[in-house]
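Reading through the structure tokens given below for one structure.
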Amino acid sequence: MRVGPLKLKLQLYCGDEPAMGPGKADLLEAIDRSGSISAAGRALGMSYRRTWLLVDSMNRCFQDRLVEATAGGGKGRGARLTDAGRDVLARYRAMEARLADQVASDVAGMAVLLRADPLP
């Protein structure tokens, strides 16, 4: 997330493993929209394998699974966010918004000192 010239990247860790960050939050939103892990990955430009590894990581890091998947592509198949997944996503996005609000005035002050482009 960008706030003016500042890029904020909020990450939560489970041990040494990133449990949630902006990319995983985007993936959860894409799964929620598409109802499919593979379709969500395609929409975000991720490989099938990368998408599944991220979902597996999230499901292993949180006490409850964030995504439930049913194999295949027919009726009743696909993926959905669990209640825990929706809760984690909402809390993460709220944390991002609060963080951006907290630094907004500092960023505005810093931005006046920053060049628009670096010198050659």
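Values below: every heavy atom of this structure, side chains too, minus hydrogens, waters and symmetry copies. Everything numeric in this text was worked out from a predicted model, so none of it was measured.
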Main-chain N/O of Arg65 paired to Thr82 side chain as donor or acceptor, under 3.5 Å: yes
Are the side chain of Ser57 and the backbone of Leu53 linked by a donor-acceptor contact shorter than 3.5 Å? no
Evaluate whether atom CD of Gln102 has more than 12 neighbouring non-hydrogen atoms of other residues, nucleotides or ligands under 6.0 angstrom away. no
Could you check whether atom CG of Asp83 has more than 12 heavy atoms from other residues, nucleotides or ligands sitting under 6.0 Å from it? no
Restricting to pairs with a member in residues 17-29, which pass salt bridge (Lys or Arg N to Asp or Glu O under 4.0 Å), not counting sequence neighbours? Glu17-Arg60, Asp26-Arg93, Glu29-Arg93
Checking side chain to side chain contact (heavy atoms under 4.5 Å, CB included) for the pair Leu54/Met46: CA distance, chi angles, key distance, verdict? CA-CA 10 Å; Leu54 291 173; Met46 285 186 222; 3.6 Å; yes
Pair Ser36-Ser34, side-chain donor/acceptor within less than 3.5 Å: no
Output the distance between atom [atom1] ([X]) and atom [atom2] ([Y]), rounded to the nearest 0.5 Å.
X: Ile31; Y: Arg80; atom1: CD1; atom2: CZ; result: 12.0 Å
X: Tyr92; Y: Leu10; atom1: OH; atom2: CG; result: 4.5 Å
X: Ile37; Y: Leu27; atom1: CD1; atom2: CG; result: 8.0 Å
X: Asp87; Y: Leu66; atom1: CG; atom2: CG; result: 9.5 Å
X: Phe62; Y: Cys14; atom1: CZ; atom2: SG; result: 8.0 Å

Considering only NZ, NE, NH1 and NH2 on the basic side and carboxylate oxygens on the acidic side, decide whether Asp32 and Arg86 come within less than 4.0 Å. yes
Take Met20 and Met58 through the side chain to side chain contact (heavy atoms under 4.5 Å, CB included) test and state the conclusion after the steps. CA-CA 7 Å; Met20 180 61 58; Met58 287 185 282; 3.7 Å; yes
Would you kindly confirm whether Val88 and Met95 end up in one hydrophobic cluster when ILVMFWY residues are joined by side chain heavy atoms under 4.5 Å apart? yes
Same cluster (ILVMFWY, side-chain, under 4.5 Å), Leu99 and Tyr13: no
Over all atoms of both residues, closest heavy-atom pair of [X] and [Y]:
X: Gly85; Y: Leu28; answer: O-CD1, 4.3 Å
X: Leu44; Y: Ala30; answer: CD1-CB, 4.0 Å
X: Gly41; Y: Thr51; answer: CA-OG1, 3.3 Å

Show your reasoning for whether side chain to side chain contact (heavy atoms under 4.5 Å, CB included) applies to Arg42 and Tyr48. CA-CA 8 Å; Arg42 282 191 302 273; Tyr48 178 80; over 6 Å; no
